[in-house]
Amino acid sequence: MPELPEVEVVRRGLHEHVAGRTVAEVEVLHARAIRRHLPGAADFASRLAGRSMLAARRRGKYLWVELSDGDALLAHLGMSGQMLVQPPGAPDEKHLRVRVRFADGGPELRFVDQRTFGGLALAEVVEVDGAPLPLPVAHIARDPMDPAFDPDAAVAAMRRRRTDVKRALLDQTLVSGVGNIYADEALWRSRLHSLRPTAKLTRVKAAEVLAHATEVMREALGEGGTSFDALYVDVNGRSGYFDRSLNVYGQQHRPCRRCGTAIVREPFMNRSSYSCPRCQPRPRGAA
DNA sequence: CGATCGCCCTGTGTGC
DNA sequence: TGCACACAGGGCGATC
C-alpha cells in the first residue's frame, strides 16, 4: 500500500541510484505492466534505450524520472509495485515485470509487481500551473509536501465537494498522496468519523484534518514508510517501520490509545475503515 | 460536470 | 487436504 511516504522513499532511492545513467536495454516481461503505454512494449523498450535518466520527481503517489529527450519514465506502484536496484545476474524476482539495463554495466533497475495494479509508461512532460508534469499526472492535485501546496485552497476545494470526509481525503484531484492508511490515521487524530460530510466541516476542522494528514505522512517518511509485509520496500529491498506507530489502521479489537475503547473495522467503498467508535462517533443519519 | 460504482489482479489467510 | 471465498485496494472508465 504505497502512499506518499513510501513513494517518496522510492523516489529518493531512484534519484540516488539511476540519475545520470544511460539506458542500454529494456526488457518487458509482462505486458500488463506497461498497459498505460499505449504504443506497446516494443515502442516502450526502443524509446527508452539510449536515453539518460535525470532527476527523479514525484507528485502524490506518482513518480517519474526525467529523460534526456524531455519525456519522462512514469511509474505508479499501485498496491504492490516495487522499484528495485539489483546487480546484474541477481536471480529474477518471481513477479519481475520490467528490467532496465544500463550502459555502465552497473546495477539494473527492476519493476516488480505481484498484483499488477502498478505500471510504467513513457510520457510527454507538460506544464500545469507552473509545474512540469507527465501528461497522465496533469489532473493530480499538489500533495502536502509540495513547496507550492496551498492549504487554504485545498480546504476550500474539500468543503465545496458534496461528499464524506474520507472520500475527499482519498480524492487525488483535491489533495494527492493520501491513501487508506493515512486517511484513517488523520481521521483518528482529528476525531472525525469517515462519513462526516465535508460540506458541514468548519474551515478550521477541515484545515485540521489536512494538517493531520500532512503530519502523519511526514512522521511516516521519517520512519522510512509503513510496511506490513515484504510487499513494500525501498529500492534496496528494505522495509519501513511506521507500522509500529499506527493508531487505528489494522488495529481492530485493540484498545484506542486515547480512550481504551476497542477499535472497529467497517466496510467502506469495498475496502475497510478503521476507527475508534468513542473518539470518532458516527454522524447522525449516516447509514 | 460532479458523484458513484465496478472492475482490474494475485497471494494469503480462514472456515468448512 | 482441498476447496471456496474474503481481503488487501488505487485509479480509471462507464454511467447517471
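Numbers restart at 1 for each chain; the letters A, B, ... are given by sequence-line order, proteins then strands.
Atom pair A:Met79:CE and C:dG10:P shows a separation of 7 Å (rounding to whole Å applied). As a whole-Å value, the separation of A:Phe268 CZ from C:dC7 C1' is 17 Å. Regarding A:Glu266, its CD atom lies at a distance of 14 Å from the P atom of C:dC7, rounded to whole Å. Distance A:Glu93 CD to B:dT10 P: 18 Å, rounded to the nearest Å. Summarising the geometry, the separation between CG on A:Asp171 and P on C:dG11 is reported as 10 Å, rounded to the nearest angstrom. One atom, CZ of A:Arg58, and another, P of C:dG10, lie 16 Å apart when rounded to the nearest Å. Per the geometry, CD belonging to A:Glu3 stands 6 Å off P belonging to C:dG10, to the nearest Å. Between A:Leu169 atom CG and C:dG11 atom P there is a gap of 14 Å when expressed in whole angstrom units.
Side-chain contact of A:Gln86 with A:Glu93: a donor-acceptor pair under 3.5 Å is present, judged by distance alone.
Between B:dC9 and A:Ser80, no contact under 4.0 Å exists linking OP1 or OP2 to a side-chain N or O. The side chain of A:Arg167 contributes an N or O atom lying less than 4.0 Å from OP1 or OP2 of B:dC5.
Looking at heavy atoms from C-beta onward, A:Leu4 lies in side-chain contact with A:Arg58 at the 4.5 angstrom threshold. Between A:Glu66 and A:Val125, every side-chain heavy-atom pair lies at or beyond the 4.5 Å cut-off. Using a 4.5 Å heavy-atom cutoff, the side chains of A:Met83 and A:Phe111 are in contact. A 4.5 Å side-chain heavy-atom check between A:Leu169 and A:Val175 finds every atom pair outside the cut-off.
Partners of A:Pro277 under the side chain to side chain contact (heavy atoms under 4.5 Å, CB included) rule, at least two apart in sequence or in another chain, are A:Thr261, A:Val264.
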Taking only N/O atoms, report every protein-nucleotides 12-14 of chain B pair under 3.5 Å with atom names and distance.
none

Give every pair of a protein N or O atom and an N or O atom of nucleotides 12-14 of chain C that lie under 3.5 Å apart, one pair per line with the distance.
from: C:dC12; atom 1: OP1; to: A:Tyr62; atom 2: OH; distance (Å): 2.5
from: C:dC12; atom 1: OP2; to: A:His139; atom 2: NE2; distance (Å): 3.3

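Residues A:Lys61 and A:Asp143 are not paired through a salt bridge, judged by the lack of any N-O separation under 4.0 Å between the basic side chain and the carboxylate.
In this structure, the separation between CG on A:Leu63 and CG on A:Leu77 is 6.0 Å, given to the nearest 0.5 Å.
Comparing the local axis fitted to the first five base pairs of the helix from B:dG2-C:dC16 to B:dC16-C:dG2 with the one fitted to its last five gives a bend of 50°, rounded to 10°.
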Side-chain donor-acceptor pairs under 3.5 Å in residues 29-38 of chain A, sequence neighbours left out?
from: A:His30; atom 1: ND1; to: A:Arg32; atom 2: N; distance (Å): 3.2
from: A:Arg32; atom 1: NE; to: A:Thr116; atom 2: O; distance (Å): 3.0
from: A:Arg32; atom 1: NE; to: A:Thr116; atom 2: OG1; distance (Å): 2.9
from: A:Arg32; atom 1: NH2; to: A:Thr116; atom 2: O; distance (Å): 3.0
from: A:Arg35; atom 1: NH1; to: A:Arg32; atom 2: O; distance (Å): 2.9
from: A:Arg35; atom 1: NH1; to: A:Gly118; atom 2: O; distance (Å): 3.0
from: A:Arg35; atom 1: NH2; to: A:Phe117; atom 2: O; distance (Å): 3.1
from: A:His37; atom 1: ND1; to: A:Leu122; atom 2: N; distance (Å): 3.1
from: A:His37; atom 1: NE2; to: A:Asp43; atom 2: OD2; distance (Å): 2.7

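The closest donor-acceptor contact from the side chain of A:Arg99 to the backbone of A:Asp92 lies at 3.5 Å or more, if one exists at all. At distances below 3.5 Å, not a single donor-acceptor pair connects side-chain atoms of A:Ser194 with backbone N or O atoms of A:Lys166. Although no hydrogens or angles enter the test, the distance criterion places a donor-acceptor pair under 3.5 Å between the side chain of A:Arg97 and the main chain of A:Gln114.
Each of A:Glu208, A:Met158, A:Arg159 was evaluated against A:Arg203; a single residue qualifies, A:Arg159, per the side-chain contact (heavy atoms from CB on, under 4.5 Å) test.
Remark: A:Arg258 qualifies as a cation-pi partner of A:Trp188 under the 6.0 Å distance and 45° angle criteria applied to the six-membered ring.
For the contact set between residues 155-165 of chain A and DNA chain B, defined by any heavy atom under 4.0 Å, the members are A:Arg161, A:Arg162, A:Thr163.
Both A:Arg35 and A:His95 lie close to DNA chain B; mapped to their nearest nucleotides by heavy-atom distance, the more 5′-ward contact belongs to A:Arg35.
Side-chain atoms of A:Arg271 come within donor-acceptor range of the base of C:dG10, with a qualifying N/O pair under 3.5 Å.
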